[in-house]
Structures are given as C-alpha cells and as structure tokens.
2 protein chains.
Amino acid sequence: MMRWKKISDAVVRRLPLYLRVLEEAHQSGETKLMSSHELGERAGVSPALVRKDLAWFGEFGKQGVGYEVGYLREELRKILNLDREIRIGLIGVGSLGHALVRYNQQRYAEDSHFNLHIVALFDNDPSKVHRQLDGMLIHPIDALAEVTKQERLQMAIVTVPAAAAQQVADRCVEAGIRAILNFAPAKLVVPAGVYLANADVSLEMQRLAYYLGE
Amino acid sequence: MMRWKKISDAVVRRLPLYLRVLEEAHQSGETKLMSSHELGERAGVSPALVRKDLAWFGEFGKQGVGYEVGYLREELRKILNLDREIRIGLIGVGSLGHALVRYNQQRYAEDSHFNLHIVALFDNDPSKVHRQLDGMLIHPIDALAEVTKQERLQMAIVTVPAAAAQQVADRCVEAGIRAILNFAPAKLVVPAGVYLANADVSLEMQRLAYYLGE
DNA sequence: TAGATTGTTAATCGATTAACAATC
DNA sequence: TAGATTGTTAATCGATTAACAATC
C-alpha cells in the first residue's frame, strides 16, 4: 500500500486502542456516531490527540457530528492492515508458546474479524518436532525459510529461551519475515525494514516493582 | 523508602534494561567496569541518556573510569525494589496464566537473585478452585483480600477474560495490591497510587501489523 | 439558524542530545 | 601528567495541548 509521510511510533501505538473502542461499540451496536471526546475518553487519550492522530491518515469525521463508528472502524482496520488475514509463525513451543497458540486459536475462531492467525509452529526439541499440536505440525527451525514461503508467513512470534533468540531472529529475517514479536528476555538486533516489538514479561514486572517503593 | 523528586516513566522503563545488561556482565564475569557508552550500546540507549537516567538517583560512576558493574547492579536492584522478594498473586489460571506461573517458577528456581515470585493463585472456575497447580492451591477470587494479607502480596497478574478484568482489578485495589500487570485486552481504570502495566498481546500484534503495509 | 465538533495551526511541555567543566 | 569518562547544563528535537476557523 502506498503510504503517507513518516508516522511516528507514538501515533501507531494508539491506533489499536482506538480500534478496540470502535470494535466494542460496533459489536454492541450501542451507537452509530462517536466524538473525539468519547473515543478519547474510552481509549485513555485526549480528544485533541485523537483528532490529530486520525488526521495523519485522512479526514474521517464530520464537523459538528463526530465519527461514524462503522466507517472509522473499517478505515482503521485498513490502516493497520487488519482487513485481511495476517499469517503468523510461532517459534518455540514451550508452555508460553503453547498458551499463545491456544489463545490465538480461540480468539480467531470466536471473532471472524480477528485476522491475526498463527498458522505454523517451529521448535528444535526432538521430542516436539514433527508432532502435532492443536492441529498444527511442529516444524524444525531449519524449515523456517521453506515454510515461510509455503505458508506465506508475514510475522513471527519468538518464544524460545533468551540464549537462542537472536539466532532465531536472524533466521526469521533471512526467511523474509518483516515483523517479529519477541517474548524472550533478550535485546534483539534486526536490520532496518524489519519491525520488532518486545513483550518481555519480566521487564514489565521489574518496571512495576519500582513503584512499590513509593 | 524515601524517594527523590518525581521520576518520569520514560526513565523508569529503561532501568530494567540497564539492569539486564549489568546482570549479564556480572554473571559472566566478563568485566568489572563499564562505561556509559558500552552500557548504552548493549541496552539500546544513547550514552548521554544512560548518564542522565542514572544521575536522577545518585552518582554511581567515576570520571575517567566508568561504572563498577557489581556496584551499579546492586544499586539498580535497590532502586527497583528487587533486592528483596516481591510476592505476586496471579488471577485467572487459564493456559496463559498457567504458562506464566511455570515460567516464573523456573526463573525463580534457576536464578537466586530473581526476586519476583508468584506465590498465590486465584480463579473462579469451580473445576479449578481448591485444586493444586504446580504445588500451589487455587483460591476463589473472593479470597483475594484475605490471601493478600496472609501471603503479603504486593503485585497481581491479571489473566482473566476481558469481561471480568475490571472487576478483578477493583478487587485487587480493595485488597491493597499496589501494582497490577494486566494481560486482558481491556482498558483498566485504577485509582492514583495503584500502578498498572499492560501486556496485551493482541495490541502489540496489531501495532506490528501496521508496518507490514510499508 | 444555533450548537457542536472537526481538522489544523500555534503554543507549550517534556524528553533527548550535544557540549563541556570537573576529575579520576 | 595525558587521556578518558562522568555529571550536568544548555540546545534541540518531538510530542501533546490549546485554541479556533471551518462547517456540518
């Protein structure tokens, strides 16, 4: 998709918050219109910032009226590339990996508009490789490039131990994966053009611990 | 602990990154000294910012020399309240909750300095309540206040479905919990003085999806 | 029309970087 | 001492908020 100028990450982080509010309002059918005040209130963002964020992508509202819930929802889904299935590989089928797969399968099954889909599993543990898990075959990590192509994977979730994480990330990049969600407690380095999100649980817990001292 | 002026959250977020680098260097014994350049390099932060962040809390380095790894590590552990055990309750023993418990138990057992410890479980599912899981009894959520007191819980991890999350958070606050790590895809509201961290996996995936369009 | 709310510009606020004196 | 690096202040950069004309 042709893209606008450079949008800051601070803006991109808020878009899913807006989308969540709109999805809720849309599904419950509570309202057809929403002002930047209400949307902001429910997303935890100031009304001015809501308007400014949306204005980066176009004009979605009507003066004096607000935003049409269904329409803005659709537009946000397009902006976030969530209007079509995104196929995801998960590498490292330990207990956390397994839990994420189950969570994703449930969400994907329940909500026909939830287009994030884990469709391939990888692990190097001989007791797991070539076995089935929740209806999916577990591939060896060596098969990453091949399976990425076959299954048209675009995103990877990394749930391997910290010591293996960088190596796995390198393999993902090699295979053409463009976005990596990393759960390992390790700082990963990826080249420009590959996007990385960190979901290191212990880092978050450590941060919270700071505030216990106040 | 008596605390310095108001430290911004942006600063607090980086402290665990620094600590991780120092723990690695300390455990591998590779070096006794580290400059703000190397610490920054390994944590993904500019050297100037490393120095400025640390300066909020005291003078930990020596001009012309750098920071003593073992000493700075200890000081950071004190600042983050990680120099003593932090006792955590987990509410919602589904597959994600269970995975987090196992992950935490392993980490806690392996690393004697990892002081974040899940010591109590809660769930309302009758098929789970009063059963054992990984050596811990699962309490009903009604017992939150009582068990929080008994077990001296300071932090809660919320892994219940979105629809129940706010209610559970309210109970946590009532029980005197001061920090909540929320995995449910819901915006929680908590009073001032209670600290909230969000670890909503689907939000992160949605954010990453944005960049697939570039 | 009168009231409300958007989209957008200008003002403010806060965070990061650059620079350097102090000093190990 | 000479070289290096800290702690800190000033400069810059970027993000948020306030304000308001446009307009539904």
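All values reported here derive from a predicted model rather than from experimental measurement. All chains are named by letter (A, B, ...) in the order of the sequence lines, taking the proteins before the strands, and each is independently numbered beginning at 1.
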Of A:R14 and B:H37, the one whose nearest nucleotide on DNA chain D sits closer to the 5' end is B:H37
Separation of D:dT16 atom P from A:D9 atom CG, nearest Å, is 11 Å
Atom CG of A:L39 and atom P of C:dG7 are separated, to the nearest Å, by 12 Å
Step-by-step salt bridge (charged side-chain N to carboxylate O under 4.0 Å, His left out) determination, B:E75 to B:K78 = CA-CA 5 Å; B:E75 291 300 311; B:K78 281 184 212 161; 3.2 Å; yes
In whole Å, what is the span from the CZ atom of B:R51 to the P atom of C:dA22?
-> 16 Å
Between D:dT6 (P) and B:D53 (CG): distance, integer Å = 13 Å
Would you mind checking if B:R107 and B:E110 are paired as a salt bridge, meaning a charged N to carboxylate O distance below 4.0 Å?
-> no
Side chain of B:S8 only, please: which of D:dC24, C:dG7, C:dA15 is the nearest?
-> C:dA15
Just checking, is any N or O donor in the side chain of B:D9 or B:Y195 under 3.5 Å from an acceptor N or O on the other one?
-> no
Side chain to side chain contact (heavy atoms under 4.5 Å, CB included) assessment of A:L54 paired with A:L72 | CA-CA 9 Å; A:L54 296 176; A:L72 183 55; 4.0 Å; yes
Within this structure, what is the CD-to-P distance between A:Q63 and D:dC24, rounded to whole angstrom?
-> 6 Å
With both distances under 3.5 angstrom, what nucleotide forms a Watson-Crick or G-U wobble pair with D:dG14?
-> C:dC13
Once you round it to whole Å, what is the distance between C1' of D:dA22 and CD of A:E59?
-> 11 Å
Hey, which of these two, B:V65 or B:A55, hits DNA chain D nearer its 5' end, going by closest nucleotide?
-> B:V65
Between C:dT5 atom P and A:E41 atom CD, what is the distance in whole Å?
-> 14 Å
Once you apply the 3.5 Å cut-off to both distances, tell me the Watson-Crick or G-U wobble partner of D:dT6, or none.
-> C:dA21
